[in-house]
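Let me begin by presenting the structure, written as structure tokens, before commenting on it.
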Amino acid sequence: EAGYQTVQSAIDAATLDGGGIVYIQPGTYTENITMTQGIDLVGLVGKTANTPGTVEAGQVVPVTIVGNFTLNTTTSLSTATPTFLNISFIASSGAVFTYVGNLDLLISGILTFIGCALEAGTGASYVFSSNAFLNLILQSTVISEQTPNSASLITFVVTPFLNFYVRDSYIRINQTNAFSIPDSSVIIIYLENTFWSPRIDATISATGVHFSALSSTFSFTGASPGDPLIDFGDNVGSISLTNCMAQNSSGAYGNSTNLSPASFFLYNSCTWNNGLVIGGTGRGDYSFCKIFGYASPAITMSSSQNVSFSNCVLESTNNPAISGTGTGTLSLSDITFIGNSAVAGTLTLAGLPTTMGSVSKIGALTANGLI
């Protein structure tokens, strides 16, 4: 009984009126959408009546748009700042959400998704596709793919500046390289209370890749052991994780084969649930962290750079608990070993590691490691 039977017709009418909010009644809308600046989309949460042969009375029906969505600011006269609330977007092919238009508006514009879901079908290529700069805010939003590795997260056509803020959300994209980043890029990503699985490959000449997270969980089920959360290549970048957990992966954070000396990595009060591999030229400072290696080494140090651990707990029954042949210096200070306290004699050590716990012993630092 609404005045418009398609989402597109309502958007077109609002555009002719100078913009506004389009409220969408519960249901599934199968259509490709093109929207310009000045429109916000809000999905109304409704409940069904007791219709025989369908769903039970009182069941919540969301707003779902099945098709490809494009925001076009080519002719827009104001900064693009659309908000999307309580809507599920599903695309079976192409990109779920495409952002094209005036570069000046893209630089200053912000796309905000609150309480939304974006799902890439088996034939989809990317969740977000932009011809240039992109500012994204996700809050209480889910991003997923119907088939693992069917789509990546973000691609850019030309040099971007990406400012990506994610809070209270679930991002499950398992492509090996979930971001397509052109040369001379600046990428800033901040996560808070979020589940995150995408890898970021910045092996091209990005200007800087900066990744920080608070109280978030990481899982890299699509990556091979040793694959990093971020591969910096020879670029300048940073990682700062606080009170975070890594699950089901031995992937290193900041691993690379040619890491810029100007890059830095800080990990505070974090937990690794399946050991930690530090390879290539990966490095970092780990404070108040707990690393579970179980029957495998808690730490595999294979980097040529210096790495330090202080006030950390390492739990492993493997001998040694810290393995590897990395040529960088491994600094250990106030370390609690649980299960085994041996350190591979192939490593160069610094600091004064100590062991505690009911199943470990106090060891002595020698030229061949701990005994």
Side-chain angles (χ1 to χ4, degrees), residues 176 197 199 218-233 239 241 244-259 263-351 353-355 357 359-360 363 365-371:
T176 301
S197 70
R199 274 199 61 204
F218 302 95
S219 179
F220 314 117
T221 56
S224 300
D227 279 349
L229 166 64
I230 299 179
D231 191 338
F232 281 85
I239 299 178
L241 304 184
C244 294
M245 172 177 283
Q247 296 179 331
N248 306 323
S249 172
S250 58
Y253 290 70
N255 185 12
S256 176
T257 56
N258 187 24
L259 188 66
S263 299
F264 68 92
F265 311 100
L266 301 174
Y267 311 94
N268 185 53
S269 301
C270 295
T271 301
W272 277 262
N273 201 33
N274 194 26
L276 173 64
V277 178
I278 306 174
T281 54
R283 62 176 179 272
D285 296 326
Y286 299 77
S287 301
F288 300 98
C289 295
K290 188 166 187 178
I291 303 172
F292 294 92
Y294 303 108
S296 300
I299 298 172
T300 301
M301 169 60 176
S302 301
S303 174
S304 61
Q305 300 293 310
N306 298 336
V307 182
S308 68
F309 290 84
S310 63
N311 295 285
C312 294
V313 176
L314 309 182
E315 184 169 338
S316 171
T317 58
N318 188 75
N319 187 8
I322 301 179
S323 67
T325 58
T327 58
T329 297
L330 178 63
S331 298
L332 303 172
S333 177
D334 294 324
I335 303 300
T336 299
F337 289 91
I338 299 177
N340 194 293
S341 60
V343 179
T346 53
L347 296 173
T348 301
L349 301 179
T354 59
T355 59
V359 293
S360 62
L365 184 62
T366 70
N368 294 319
L370 286 168
I371 58 173

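Positions are given from 1 along the sequence.
Residues I299 and V307 are not in side-chain contact: their nearest non-hydrogen atoms beyond the backbone lie 4.5 Å or more apart. Using a 4.5 Å heavy-atom threshold, the side chains of S296 and N318 count as separate.
Expressed to the nearest 0.5 Å, how far OH of Y267 lies from CD1 of I239 amounts to 4.0 Å. From M245, atom CE reaches atom CG of N273 across 5.5 Å, with rounding to the nearest 0.5 Å. Rounded to the nearest 0.5 angstrom, L347 CG and L332 CG are separated by 9.0 Å.
Within the structure, ring pair (Phe, Tyr, Trp, His ring centres under 6.0 Å) contacts touching residues 308-336 (residues at least two apart or in different chains) are Y286-F309.
Across all non-hydrogen atoms, the minimal contact from C289 to W272 is SG-CZ3, 3.9 Å. When all heavy atoms of A342 and N319 are compared, the pair lying nearest together is CB-OD1, 3.1 Å. Of all non-hydrogen atoms in G324 and S302, the two that sit nearest each other are CA-OG, 4.4 Å. Closest of all the heavy-atom pairs between Q305 and M301 is O-CE, 3.3 Å.
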Start with the C-alpha distance between L276 and I278, add both sets of side-chain angles, then the distance that settles side chain to side chain contact (heavy atoms under 4.5 Å, CB included), and finish with yes or no. CA-CA 6 Å; L276 173 64; I278 306 174; 4.0 Å; yes
Apply the test side chain to side chain contact (heavy atoms under 4.5 Å, CB included) to residues L349 and L330: give CA-CA distance (whole Å), side-chain angles for both, the deciding distance (0.1 Å), then the verdict. CA-CA 5 Å; L349 301 179; L330 178 63; 3.9 Å; yes
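Although no hydrogens or angles enter the test, the distance criterion places a donor-acceptor pair under 3.5 Å between the side chain of T317 and the main chain of Y294.
In this structure S323 satisfies the side chain to side chain contact (heavy atoms under 4.5 Å, CB included) test together with P297, T300, P320, sequence neighbours excluded. Remark: S310 engages S287, S333 in a side chain to side chain contact (heavy atoms under 4.5 Å, CB included) (not counting sequence neighbours). Considering only residues two or more places apart in sequence or on other chains, T348 meets the side chain to side chain contact (heavy atoms under 4.5 Å, CB included) condition with T329. Not counting sequence neighbours, the partners of V313 by the side chain to side chain contact (heavy atoms under 4.5 Å, CB included) test are K290, T336, I338. Applying the side chain to side chain donor-acceptor pair (under 3.5 Å) criterion to D285, with sequence neighbours excluded, gives S308.
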